[in-house]
Amino acid sequence: MKLLVYSHFFAPSVGGVENIVLSLARGLADMRLADGQPEFDLTIITQTPQLGFDDESLPFVVVRQPTLIRLWSLIRACDAIHVAGPALAPLLFAGLARKPAVIEHHGYQAVCPNGLLFHHPTQSACPGHFQLRNYQECFRCNQQNEGSWNSLRLIILTFLRRYFSLRADANISPTHHVGRRNQLPRSKVIFHGIENLNHLPPSKAFDPALFAYLGRLVREKGLPVLLEAVRLLRRDGCHPLVKIIGDGPERIDLQQQIAVLGLEENFRLTGLLLGAQLNTALGDVGTVIMPTLMEETAGLAVMEHMMRGRLVIVSDIGGLAEVVGSAGLSFRPGDAPALAECMKKVMQHSEVINAMGSKARERAQVVFARPTMIAEHAAIYRTLVPCARHGETNRPV
C-alpha cells in the first residue's frame with residue numbers, strides 16, 4: 001500500500017507531534033506481509049527543512065518542502081494519505097484526487113481558531129465559542145495576540161479545516177476527550193504509543209522534595225500556578241526544588257517572576273533537554289508536575305514519565321485527566337493551594353512516589369503500548385484501501 005503521511009512539522013523539529021509521527025512511521029515501515037515484503041510503501045511529506053538531519057537513516061522516504069505541483073503528484077500516486085492535523089493543501093488535493101484521507105487531530109484546529117481551545121482574555125479553557133457560533137468572541141480572543149487581520153484569518157481557516165474534517169474518511173483522536181470536543185464523524189480513539197523504557201539505566205534514589213516540569217514555556221501551561229504553589233510551600237516551611245525543563249517565549253518573564261517572589265533557590269531552569277541529557281536530568285526526579293490551564297489533547301510528556309514509573313501531578317482538565325486516570329494526583333486547574341497540597345503530600349509521604357509510580361507504569365504499559373498504536377493505525381488504512389495488497393502481518397516490536 002502506497003501511504004503518504006503529511007506532517008507540517010517533523011524531525012529535526014522537536015515536539016510531541018514530531019515524535020509521534022516519527023514513531024508511527026518507523027513502526028509502519030517495519031510491518032511485513034506473510035511473504036516478508038513490506039506492507040506499506042511509506043513517504044513522509046513535511047514543511048520542516050532538513051537542517052543536517054540524516055534522512056537516509058530512516059526506513060522510508062522523506063520529502064521536504066515540496067512545491068504544490070510535487071505535492072499533487074505525490075498524492076495522485078498514493079493509495080491513501082494520513083494527515084497530522086487538518087492541513088488544508090493535502091486535504092484539498094486528496095479530495096480532488098479521490099484518495100482516502102485520514103486526519104489525526106493532535107489539537108483542536110477543527111473547532112478553535114487558535115487550535116488550543118484556550119481563551120486568552122480570561123487565561124482559561126474555552127467553552128467552545130466557535131462551535132457555539134460566537135465568532136465575535138473568537139475574534140476578540142485571538143486579536144490580543146495575533147492582531148485584527150490574523151484573528152479574522154484564523155476564523156476563516158477554522159471553517160475550512162472543519163469542512164475537510166467533516167468529510168475525511170477517518171478522524172483519529174489521541175483521547176476520548178479530544179473526540180468529544182471535535183465532534184467529528186467517522187472518529188476513532190487511538191492513544192499515543194510510548195516505547196517501553198526498560199533500556200534506561202537504573203534511576204538514582206528519588207528525592208521527594210525534587211519535582212520537574214517538562215514542556216514549552218507558554219502562558220497556557222500554567223507555570224505561574226506552580227510558582228505560587230511553591231511560594232505557599234515556602235511560607236509553610238517546606239523547601240521543594242523544581243527543575244523547569246523546556247524553553248519558550250515566556251522564559252524571561254518566568255525568570256523575572258521567580259526573582260520577584262524570591263524563589264531563586266527553589267527553581268532551576270535547564271532549557272530544552274533531549275536524549276541522554278533529559279534522562280540524566282530526570283534521574284533523581286520522582287514527580288513531574290503539569291499545571292496546564294488549557295485542555296491538553298493527551299500530554300505526551302506525562303505518558304513518558306508514567307512509563308518511567310514515576311508519579312505525575314496534573315491539572316484535572318482535558319486529555320490529561322483521561323491519560324492519568326487514577327494513576328496519579330490531580331488538582332483543579334489554576335488552584336495553586338490545591339497543587340501545593342499535592343506537593344506537600346509527596347514531600348511528607350515519600351512512599352507515594354513508588355506506590356503511584358508503579359501504578360502509573362502499569363497503566364502506561366497497557367494503555368500506551370506502541371505496538372497497539374501502530375496496529376490500530378494500520379487497520380484503518382487497510383479498511384480504507386481494501387484493494388491494496390495486504391494479509392497477515394508481523395506486528396512491530
Side-chain angles (χ1 to χ4, degrees), residues 6-9 13-18 20-21 47-48 83-91 103-166 168 171-175 177-184 215-225 246-251 253-254 290-301 315 317-321 333-334:
Y6 183 97
S7 181
H8 187 91
F9 298 106
S13 176
V14 177
V17 175
E18 296 91 323
I20 289 298
V21 170
Q47 299 302 323
T48 301
V83 187
L88 296 180
L91 290 172
I103 304 176
E104 184 145 13
H105 296 270
H106 296 275
Y108 303 102
Q109 289 87 354
V111 290
C112 176
N114 63 39
L116 302 173
L117 276 177
F118 187 72
H119 190 241
H120 290 290
T122 60
Q123 292 290 290
S124 62
C126 176
H129 289 297
F130 185 86
Q131 288 291 79
L132 295 171
R133 300 183 180 182
N134 190 2
Y135 307 126
Q136 184 175 358
E137 190 59 34
C138 291
F139 179 83
R140 187 174 77 91
C141 170
N142 295 295
Q143 184 183 31
Q144 176 178 325
N145 295 325
E146 302 290 342
S148 297
W149 166 245
N150 279 334
S151 182
L152 178 61
R153 180 180 66 87
L154 288 173
I155 293 173
I156 294 171
L157 289 175
T158 306
F159 276 107
L160 294 174
R161 289 171 181 141
R162 185 150 190 86
Y163 173 86
F164 285 111
S165 297
L166 288 168
N171 288 286
I172 298 174
S173 301
T175 55
H177 173 83
V178 174
R180 288 191 296 269
R181 280 298 235 161
N182 280 331
Q183 297 179 14
L184 294 169
R216 295 187 65 225
L217 308 186
V218 291
R219 292 181 183 179
E220 55 267 21
K221 294 294 187 176
L223 287 165
V225 179
D247 212 339
E250 296 296 312
R251 177 166 183 162
D253 285 346
L254 183 64
M290 296 294 286
T292 183
L293 302 174
M294 61 176 278
E295 295 186 9
E296 298 274 359
T297 55
L300 190 59
S315 299
I317 188 172
L320 272 185

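- For OH of Tyr163, the number of neighbouring non-hydrogen atoms (other residues, nucleotides, ligands) closer than 6.0 Å is 12 at most.
- Looking at residues two or more places apart in sequence or on another chain, you find no side-chain hydrogen bond (donor to acceptor under 3.5 Å, both in side chains) involving Glu146.
- The number of heavy-atom neighbours closer than 6.0 Å to CZ of Arg216, taken from other residues, nucleotides and ligands shown, is 12 or below.
- Taking 4.5 Å as the limit, every side-chain heavy atom of Thr297 sits out of range of all side-chain heavy atoms of His106.
- Remark: Gln136 CD is loosely packed, at most 12 non-hydrogen atoms of other residues, nucleotides or ligands lying under 6.0 Å away.
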Please step through side chain to side chain contact (heavy atoms under 4.5 Å, CB included) for the pair Ile103 and Ile172, ending with a clear verdict.
-> CA-CA 6 Å; Ile103 304 176; Ile172 298 174; over 6 Å; no

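- A donor-acceptor contact shorter than 3.5 Å is absent between the side chain of Ser151 and the backbone of Gly147.
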Between side-chain atoms of residues 107-116 and protein atoms elsewhere (two or more places apart, or another chain), which donor-acceptor pairs fall under 3.5 Å?
unit_1: Tyr108; atom_1: OH; unit_2: Glu295; atom_2: O; d: 2.8
unit_1: Asn114; atom_1: OD1; unit_2: Leu116; atom_2: N; d: 2.8
unit_1: Asn114; atom_1: OD1; unit_2: Leu117; atom_2: N; d: 3.4
unit_1: Asn114; atom_1: ND2; unit_2: Phe118; atom_2: O; d: 2.9
unit_1: Asn114; atom_1: ND2; unit_2: Asn142; atom_2: OD1; d: 3.3

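- Side-chain atoms of Gln144 do not come within 3.5 Å of backbone N or O of Cys141 as any donor-acceptor pair.
- For the residue pair His177 / Glu296, no side-chain donor-acceptor distance below 3.5 Å is found, with atom types taken as modelled.
- The closest donor-acceptor contact from the side chain of Thr292 to the backbone of Glu220 lies under 3.5 Å.
- By the 4.5 Å heavy-atom criterion applied to side chains, Pro86 and His105 are counted as neighbours.
- Across Ala298 and Pro174, no two heavy atoms sit closer than the pair CB-CB, 4.1 Å.
- Around CZ of Phe139, the count of heavy atoms belonging to other residues, nucleotides or ligands within 6.0 Å exceeds 12.
- Across Gly246 and Arg251, no two heavy atoms sit closer than the pair O-NH1, 4.5 Å.
- To the nearest 0.5 Å, atom CD1 of residue Ile155 and atom CG of residue Leu160 are 12.5 Å apart.
- Here the closest non-hydrogen pair linking Pro90 and Val83 is CG-CG1, 4.3 Å.
- Counting only distance, with no hydrogens or angles, the side chain of Thr48 and the backbone of Ser13 share no donor-acceptor pair below 3.5 Å.
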Please report the C-alpha distance between Leu293 and Lys221 in whole Å, then the side-chain angles of each, then the deciding distance to 0.1 Å, and finally whether the side chain to side chain contact (heavy atoms under 4.5 Å, CB included) criterion is met.
-> CA-CA 6 Å; Leu293 302 174; Lys221 294 294 187 176; over 6 Å; no

Could you walk me through whether His120 and Asn145 pass the side chain to side chain contact (heavy atoms under 4.5 Å, CB included) check?
-> CA-CA 8 Å; His120 290 290; Asn145 295 325; 3.2 Å; yes

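- From Leu320, atom CG reaches atom CE of Met294 across 9.0 Å, with rounding to the nearest 0.5 Å.
- Side-chain contact check for Arg140 versus Pro121: some heavy-atom pair is nearer than 4.5 Å.
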Stepwise, does the side-chain hydrogen bond (donor to acceptor under 3.5 Å, both in side chains) test hold for His119 with Glu137?
-> CA-CA 9 Å; His119 190 241; Glu137 190 59 34; 2.7 Å; yes

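- At least one side-chain heavy atom of Asn171 sits less than 4.5 Å from a side-chain heavy atom of Ser165.
- The CG atom of Leu166 sits 14.0 Å away from the CZ atom of Arg161 when rounded to the nearest 0.5 Å.
- Looking only at side-chain heavy atoms (C-beta outward), Val17 and Ser7 come within less than 4.5 Å of each other.
- Arg162 places a side-chain N or O within 3.5 Å of a backbone atom of Asn182 that can act as its donor or acceptor partner.
- Remark: the backbone N or O of Leu154 is paired with a side-chain donor or acceptor of Thr158 at under 3.5 angstrom.
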